[in-house]
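A quick write-up on the structure given underneath.
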Amino acid sequence: RSHIPLSGRNPALQEALGIRPHVLVLNKMDLADPRRQLVSAGAGQGAGQPWCRRQVTTSDSPVPVPLQVVPMVARLVATGPRYHRAESSEHNILVIGVPNVGKSSLINSLRRLHLKKGKATAVGGEPGITKAVLSRIQVCEKPLMYLVDTPGVLPPRLADVETGMKLALCGAIHDHLVGEDVMADYLLYTLNKQQQFEYVQRYGLGQPCDHIEPLLKHVSLTQGRTQKVKVLTGTGNVNMMMLNYPAAAYEFLRDFRAGRLGRVTLD
């Protein structure tokens with residue numbers, strides 16, 4: 001996805017693809033920082049391979065990427081001499097990538113555009129919705145094209161901690177495995193580093209925050225993120241209301257993923 005055009009690529013998959021025809025699709029371009037489009041372009045063009053991105057109209061409603069994908073895939077296969085050995089003219093395409101980058105959504109979008117049919121594979125906002133390699137799904141009649149949805153695959157070992165944080169912020173890793181508070185802290189650091197201060201207006205802050213605690217405290221107070229806890233005293237248990245920092249951190253992350261904190265490219 002366009003938040004992480006470089007960190008969102010699995011090096012093991014890149015190596016496995018080798019000389020096989022493949023297309024890099026970057027979706028959610030409407031959430032990426034337009035000032036850093038060269039980073040996104042470099043993810044595909046720097047490797048000398050075809051790439052597509054989801055275009056956006058002035059109303060921010062995306063034009064379906066299948067308008068580019070189907071002709072490009074057909075052209076790649078047609079120009080590859082080793083793919084003319086079969087008598088069948090159908091195209092069988094594997095959709096691969098890290099978790100939660102929109103593989104299933106892409107398949108449904110292709111199918112809806114070319115066949116005028118509803119979704120054929122489940123989608124969700126968290127990793128692990130697709131749990132196994134599914135059967136072929138027809139997405140186009142002319143040319144006859146089938147796509148195969150696959151579970152997201154992460155490398156067995158990430159290059160560095162920062163890459164892992166970027167993947168987690170985009171939902172490729174479950175939040176609880178990293179910690180919402182840790183992710184929120186890294187997100188705040190990234191927004192400040194890139195001079196992205198939309199969160200100040202979003203949450204009604206007086207100025208940007210250098211530390212995550214004041215931000216989470218403010219979000220908890222203004223949005224009523226509280227929790228009831230029992231405190232043991234000399235006279236027995238007493239129920240008290242405390243600020244729910246994990247809930248505030250999750251709200252901060254959710255606003256980022258929905259684009260409510262501005263257009264951000266993490267790479």
Side-chain angles (χ1 to χ4, degrees), residues 1-2 4-5 8-32 37 40-57 59-124 129-153 172:
R1 55 194 293 169
S2 299
I4 45 174
R9 303 197 66 190
N10 186 336
L13 294 179
Q14 288 181 259
E15 183 179 350
L17 288 172
I19 63 171
R20 296 176 179 86
H22 57 281
V23 176
L24 173 64
V25 180
L26 298 176
N27 70 347
K28 297 187 181 295
M29 288 294 289
D30 55 323
L31 300 182
Q37 295 291 343
S40 298
Q45 291 179 326
Q49 65 187 71
W51 69 295
C52 291
R53 65 179 181 180
R54 180 163 301 221
Q55 302 291 341
V56 224
T57 65
S59 62
D60 279 344
S61 58
V63 175
V65 78
L67 290 175
Q68 302 176 56
V69 170
V70 169
M72 184 176 290
V73 169
R75 185 169 63 252
L76 280 173
V77 175
T79 54
R82 63 173 295 187
Y83 298 99
H84 292 292
R85 293 175 293 185
E87 295 181 359
S88 175
S89 61
E90 65 185 33
H91 298 70
N92 294 283
I93 313 299
L94 198 64
V95 182
I96 59 176
V98 300
N100 200 27
V101 290
K103 297 183 293 297
S104 301
S105 297
L106 173 63
I107 292 175
N108 290 332
S109 181
L110 280 157
R111 183 176 172 85
R112 183 169 56 251
L113 179 69
H114 292 282
L115 297 181
K116 311 300 181 185
K117 293 185 178 181
K119 66 180 184 180
T121 181
V123 299
I129 298 297
T130 304
K131 300 183 182 300
V133 177
L134 303 179
S135 58
R136 297 189 311 167
I137 300 171
Q138 184 179 354
V139 295
C140 190
E141 188 68 39
K142 294 182 180 180
L144 183 57
M145 186 173 295
Y146 296 90
L147 298 190
V148 179
D149 199 4
T150 64
V153 180

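We're numbering straight along the sequence, starting at 1.
Within the 4.5 Å cutoff, the side chain of Val148 has no heavy atoms near those of the Ile93 side chain. Side-chain contact between Met145 and Val70 is present, with at least one heavy-atom pair separated by less than 4.5 Å. Using a 4.5 Å heavy-atom cutoff, the side chains of Tyr146 and His91 are not in contact.
The heavy-atom pair separating Val153 from Asn10 by the smallest distance is O-ND2, 2.9 Å. Between Lys103 and Val95, the shortest heavy-atom distance links the atoms CB-CG1, 3.7 Å.
In terms of the side chain to side chain contact (heavy atoms under 4.5 Å, CB included) criterion, residue partners of Ile4 (sequence neighbours excluded) are, by chain and number, Arg1, Ser7, Lys166, Leu167, Cys170, Leu266, Asp267.
Within the model, atoms CD1 of Ile137 and CG of Leu115 stand 11.5 Å from one another, a figure rounded to the nearest 0.5 Å. One finds the CG atom of Asn92 at 11.0 Å from the CD atom of Gln138 (value rounded to the nearest 0.5 Å). Taking CG of Leu76 as the start and NE2 of His22 as the end, the distance is 9.0 Å to the nearest 0.5 Å.
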